[in-house]
Amino acid sequence: MSNDPLALAQTTILESAELAARDLDRVMGTLISSKVDDADLYLQQGRYESWTLEDGIVKEGSYSIDQGAGLRAVAGEKTGFAYTDEIALPSLLEAAKNARAITRSGQQGRWAIAPRRPRQPLYRPIDPLPSLSEQQKIELLRRLDAEARRLDSRVEQVIVSLAGGSSTVLVLGRDGVLHGDVRPLVRMNVSVIVQEKGRREQGSAGGGARSDYRYFTEEDRASGYVREAVRQALVNLEATESPAGTMTVVLGSGWPGVLLHEAIGHGLEGDFNRKGTSAFTGRIGEAVASPLCTVVDDGTLPERRGSLTIDDEGTPSQRTVLIENGVLRGYMQDKLNARLMGVAPTGNGRRESYAYLPMPRMTNTYMLPGTHTPDEIIRSVRRGLYAKNFSGGQVDITSGKFVFSASEAYLIEDGKLIRPVKGATLIGNGPDVLTRVSMVGNDLELDSGVGTCGKDGQSVPVGVGQPTLRVDGLTVGGTRV
Amino acid sequence: MVGNSLVETEQGRIEHLRSLVSECLDEARRQGASGAEAGMSVNFGLSVSVRLGDVETVEHHRSQAVGVTVYFGQRKGSASSTDLGYPALRETVAAACRIARYAAEDPCAGLPEPELLAREFPDLDVYHPWDIGAEQAIEIALSCENAARAVSPLISNSEGAQLDTFKGVRVLGNTAGFLHGMANSRHSLSCSVLGQQGESMQRDDWWTVARAAEDLERPEDVGRKAAERTLRRLGGRSISTRECPVIFAADVAGGLLGHFIAAIRGGNLYRKSSFLIDSLGQTIFPPFVQIHEQPHLKRALGSTAYDAEGVATHARHLVRDGVLQSYVLSTYSARKLGLTTTGNAGGVHNLTIDPGDLDLPALLRRMNTGLLVTETLGQGVNIVTGDYSRGAAGFWVQGGEIQYPVEEITIAGNLRDMFRGMLAVGNDVDFRGNTRSGSILIDRMTVAGN
């Protein structure tokens with residue numbers, strides 16, 4: 001059995017559809033014409049499953065097969081696109097005709113496929129579904145349920161979900177090069193409700209990777225999610241109202257890096273900057289953060305949720321420096337926006353599936369570590385908020401305003417954590433927030449593999465990370481004035 | 001592979017899918033299932049977007065899907081696929097059956113009670129395909145964006161205008177005797193533009209959606225509104241932290257009702273994940289509040305004769321005189337709670353809160369001093385506890401008049417207090433979505449700013 005993703009992808013997609021290389025030639029020949037600047041054919045087959053435990057039993061599971069082809073022809077800034085769920089020659093030819101209509105030219109291009117060996121894969125080209133037997137999956141979920149209930153008698157509800165799948169893609173670009181990738185992804189989540197004297201609070205934790213299900217049983221990870229979910233829920237039982245107003249905020253390491261994703265990352269995507277709709281437009285070379293901050297987008301981390309051996313346009317992923325010592329260095333690009341801006345693509349061209357057009361998206365976005373210990377940072381704050389973990393965030397890339405919601409936060413007084421608070425939302429201005437970073441921790445951590453980013457109705461898996469950060473003067477939206 | 005494109009008329013497509021759904025149900029029985037449900041859909045669409053006076057994308061959509069749920073006694077399994085060919089359908093059924101064999105016995109699992117399945121299928125007038133080519137669609141989108149850009153020289157840039165048109169058919173069947181298909185259509189036009197004044201860059205949008213093209217707002221009006229909404233945000237600033245009354249503008253008030261629905265949804269109730277557990281018959285809102293579902297409105301976006309399980313839908317009150325009358329239940333969540341399904345598998349249908357007498361200017365005067373919220377940002381809503389804390393943008397109001405735009409603030413409170421503290425619902429109803437609400441005035445929330 002081959003371990004070459006391209007060979008595997010050709011077998012999986014082309015052989016099962018009884019398509020030959022000359023059929024793809026014909027489709028591409030129909031798609032391109034003399035006026036086309038770029039074109040691609042994207043074939044995809046995905047298999048996914050999920051299992052859910054609730055009320056102590058694994059009560060349901062689901063399985064899905066998703067397959068199809070997306071065809072794109074680009075002329076200048078114009079894009080024609082068509083997709084079909086049927087990977088068969090007549091459907092592909094019809095889609096090619098529809099997609100190319102935008103270029104208003106009937107001339108057929110000549111075409112020949114030139115397969116190329118891709119880079120070293122960042123993950124094994126596997127289907128994770130059989131890595132545990134169905135019985136083992138169910139036993140794992142039941143064991144975690146029992147562990148959660150054993151941890152604390154106040155645990156009232158436990159929901160554990162296990163999901164996995166693999167997406168196999170073939171990308172044929174205008175350059176005639178055929179790219180292939182097989183992308184496994186597994187995800188687990190534990191969510192608990194605790195109850196004490198009628199008050200209910202929730203906690204949840206989870207993780208994932210481009211690996212197989214044994215990822216969760218290795219290094220005691222799954223049990224770690226259970227302990228973390230129960231711990232968070234119990235902390236929330238003690239939490240009181242959050243203060244409201246502007247104050248110093250210490251952000252925890254790991255998942256709170258969602259701050260970078262929302263406040264900085266989206267504003268540095270190439271499409272918004274080409275169109276001039278981002279608050280960061282035209283600011284390359286300018287100081288947009290304190291000199292302590294260096295932020296990268298790195299799609300090359302092995303087996304990470306946000307990593308890609310090649311992006312959805314066949315470009316190898318890379319490590320792109322976005323901000324270096326506070327200075328804005330670069331944007332994240334797909335092929336279309338890179339061409340129109342006269343720069344190189346950065347391996348950030350991503351799409352939810354064949355049914356959507358690719359666009360510039362993040363992979364794993366994080367800040368490099370500094371010199372302070374997390375303790376030093378908390379001790380330095382006279383009065384403020386320690387936001388240890390977050391549920392999620394959102395940004396308006398034009399005004400630059402972003403928000404995110406703390407799922408675990410503490411009030412700091414005189415350098416000590418005083419009490420947990422609930423319902424703290426942070427709001428700020430993207431181009432401004434990193435200029436207020438006054439301390440950067442030495443504890444860089446990436447999130448546990450849970451991130452999903454939405455843009456224009458398309459969801460893709462991403463990673464975030466950061467060390468502990470001190471930010472001077474963020475607005476905290478609590479209820480206590 | 002079954003070539004659905006060969007079946008030209010909608011009725012033909014429905015007949016074709018009906019036979020495939022029946023085939024799926026038979027296959028499930030052959031594979032040993034005691035009960036099964038199958039749904040299939042085929043959709044066609046065209047999307048065009050223009051930006052700065054030129055076409056940007058033309059997208060042709062053609063998608064299909066099948067979903068199968070099988071029961072082996074009280075064990076359940078589900079599977080779905082985008083391939084409607086016979087071999088794939090058999091595989092999909094087999095995948096669902098395999099999962100069901102591993103799932104645990106669940107006493108509440110199973111098909112709906114047969115007597116609750118829909119038997120009458122009124123014509124809801126939801127199928128009005130729009131025979132429009134890419135050229136004509138581009139013209140409409142261009143006139144929309146042009147109108148937006150012509151409003152003011154302060155409109156400095158554009159994210160463009162987009163026109164979408166979809167039509168499709170959907171068939172649902174189960175082994176309890178239900179088999180029905182319907183065709184529907186949906187068209188929308190949206191526009192988003194940027195404005196710049198000094199350092200302040202803002203964007204906003206407007207959109208229109210309808211079952212029939214003739215019910216869409218005029219393209220020029222959509223563009224003009226998008227521009228006006230952007231311009232009014234220019235020069236936005238934060239305000240100091242305070243407590244004050246808040247008006248949720250009609251187009252964001254639907255979100256508040258959405259949180260209410262989440263809190264009375266069966267899934268959250270039986271999981272004890274709601275601040276409205278055991279609240280049937282309790283006063284949740286002030287006495288003037290009436291909230292109801294109208295699933296049989298002609299041409300409305302949420303209209304349907306049956307829910308996602310084939311259970312008949314009925315017009316009914318969720319809240320009468322401020323008192324909670326009913327939860328929002330599927331067959332499964334109802335059984336978990338010892339109740340009967342309310343025909344809400346898949347959600348609510350045309351949720352409506354009765355409007356009051358005041359238009360928005362009158363509502364502003366009634367509030368006198370406070371915050372008009374026109375946008376909410378971020379998640380920040382905890383249905384377990386009712387805690388609410390979200391980013392917001394809008395306008396500061398004093399003496400009943402809008403003073404200046406406000407941004408980079410949060411609004412916080414608890415949904416229980418916010419519902420109880422509703423003072424008025426405006427008559428400026430936003431009819432566009434599945435939730436129909438006027439602007440809502442709430443007595444007091446915490447606003448955090450600089």
Side-chain angles (χ1 to χ4, degrees), chain A residues 57-68 77-86 88 95 98-99 101-102 134 138 156-157 159 193 200-202 244-246 275-277 279 355 357 391-394 396 398-399 401 403-405 422-425 427-429 475-479 481, chain B residues 1 51 54-64 76-83 88 92 95-96 99 102-104 106 109 134 157 159 194 201-203 236 238 241-243 271-273 377-380 382 384-385 387-391 393 407-413 446 448-450:
Chain A
I57 58 173
V58 177
K59 60 170 61 166
E60 62 185 7
S62 67
Y63 178 83
S64 68
I65 305 174
D66 192 8
Q67 65 173 36
E77 297 187 30
K78 298 183 177 65
T79 299
F81 178 63
Y83 66 88
T84 170
D85 302 303
E86 293 175 314
N98 280 330
I102 195 164
E134 314 305 10
I138 285 160
E156 190 178 51
Q157 280 282 325
I159 299 176
I193 300 267
R200 287 191 173 82
E201 293 287 347
Q202 64 185 344
T246 300
K275 296 175 183 178
T277 59
L357 278 168
S391 49
Q394 191 183 342
D396 174 335
T398 298
S399 69
K401 304 297 176 273
V403 294
F404 47 120
S405 307
K422 60 173 185 169
T425 292
I427 187 157
N429 183 32
T475 299
V476 177
T479 46
V481 178
Chain B
M1 210 49 87
R51 178 171 175 266
D54 205 354
V55 56
E56 192 170 49
T57 61
V58 175
E59 302 185 42
H60 298 267
H61 308 274
R62 182 198 183 289
S63 64
Q64 55 190 29
K76 177 185 176 187
S78 304
S80 64
S81 171
T82 54
D83 188 342
T92 305
I99 285 166
Y102 286 100
D106 184 343
N157 199 345
E159 288 189 325
L194 279 72
M201 184 159 79
Q202 298 286 349
R203 64 154 290 284
S238 187
T241 301
R242 67 189 74 185
E243 288 188 346
R271 293 184 185 106
K272 302 203 186 321
S273 302
L377 214 59
Q379 291 78 20
N382 184 336
V384 178
T385 59
D387 290 329
Y388 182 103
S389 176
R390 306 185 76 186
E407 62 178 4
E408 206 173 335
I409 55 162
T410 66
I411 50 173
T446 305
N450 57 17

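Order of the sequence lines fixes the chain letters, A, B, ..., with proteins taken first and strands second; residue numbering starts at 1 for each chain.
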**Asked** Under a 4.5 Å heavy-atom cut-off, does chain A meet the side chain of Ile411(B), its backbone, both or neither?
**Response** neither
**Request:** Check whether any side-chain N or O of Thr57(B) sits under 3.5 Å from a backbone N or O of Glu59(B) as a donor-acceptor pair, and report yes or no.
**Result:** no
**Message:** Using a 4.5 angstrom heavy-atom cutoff, name the option from Asn382(B), Asn157(B), Asn450(B) with the most pairs to chain A.
**Reply:** Asn157(B)
**Request:** Taking Ser389(B) for its side chain and Gly477(A) for its backbone only, find out whether a donor-acceptor pair lies under 3.5 Å.
**Result:** yes
**Request:** Below 4.5 Å from any heavy atom of chain B, which atoms of Ala95(A) appear? Answer side chain, backbone, both or neither.
**Result:** neither
**Asked** Non-hydrogen atoms of chain B under 4.5 Å away: do they reach the side chain of Tyr83(A), the backbone, both or neither?
**Response** both
**Request:** Output the option from Ile65(A), Asn429(A), Val476(A) having the highest count of non-hydrogen pairs under 4.5 Å with chain B.
**Result:** Ile65(A)
**Complete:** Ranking Asp396(A), Leu357(A), Thr277(A) by heavy-atom pairs under 4.5 Å to chain B gives rank one to Thr277(A)
**Interchain contact, Gln157(A) with chain B, by part (heavy-atom threshold 4.5 Å)** = side chain
**Option that, when pairs with chain A are counted at under 4.5 Å, heavy atom only, ranks first among Lys76(B), Glu408(B), Glu243(B)** = Glu408(B)
**Message:** Just so I understand: if I count every heavy-atom pair under 4.5 Å between each of Gly61(A), Ala244(A), Ala82(A) and chain B, which residue has the most?
**Reply:** Gly61(A)
**Asked** Is it the backbone or the side chain of Ser405(A) that comes under 4.5 Å from a heavy atom of chain B, or both, or neither?
**Response** side chain
**Request:** Measure from the side-chain N and O atoms of Arg390(B) to the backbone N and O of Gln379(B), and report whether any donor-acceptor pair falls under 3.5 Å.
**Result:** yes
**Asked** Is Asp387(B) paired with Lys422(A) through a side-chain N to carboxylate O contact shorter than 4.0 Å?
**Response** yes
**Asked** Quick one: what part of Leu194(B) sits under 4.5 Å from any heavy atom of chain A, side chain, backbone, both or neither?
**Response** side chain
**Message:** Let me confirm one number: the CD1-CZ distance from Ile193(A) to Arg271(B), rounded to the nearest 0.5 Å.
**Reply:** 10.0 Å
**NZ/NE/NH1/NH2 to OD/OE distance under 4.0 Å, Arg203(B) and Glu159(B)** = yes
**Item:** Side chain to side chain, Glu56(B) and Lys275(A), heavy atoms closer than 4.5 Å
**Value:** yes
**Item:** Residue selection (most heavy-atom pairs with chain B, distance under 4.5 Å) from Arg200(A), Glu60(A), Glu201(A)
**Value:** Arg200(A)
**Request:** Indicate yes or no for a side-chain donor-acceptor contact from Thr425(A) to the backbone of Gly380(B) under 3.5 Å, with no hydrogens or angles considered.
**Result:** no
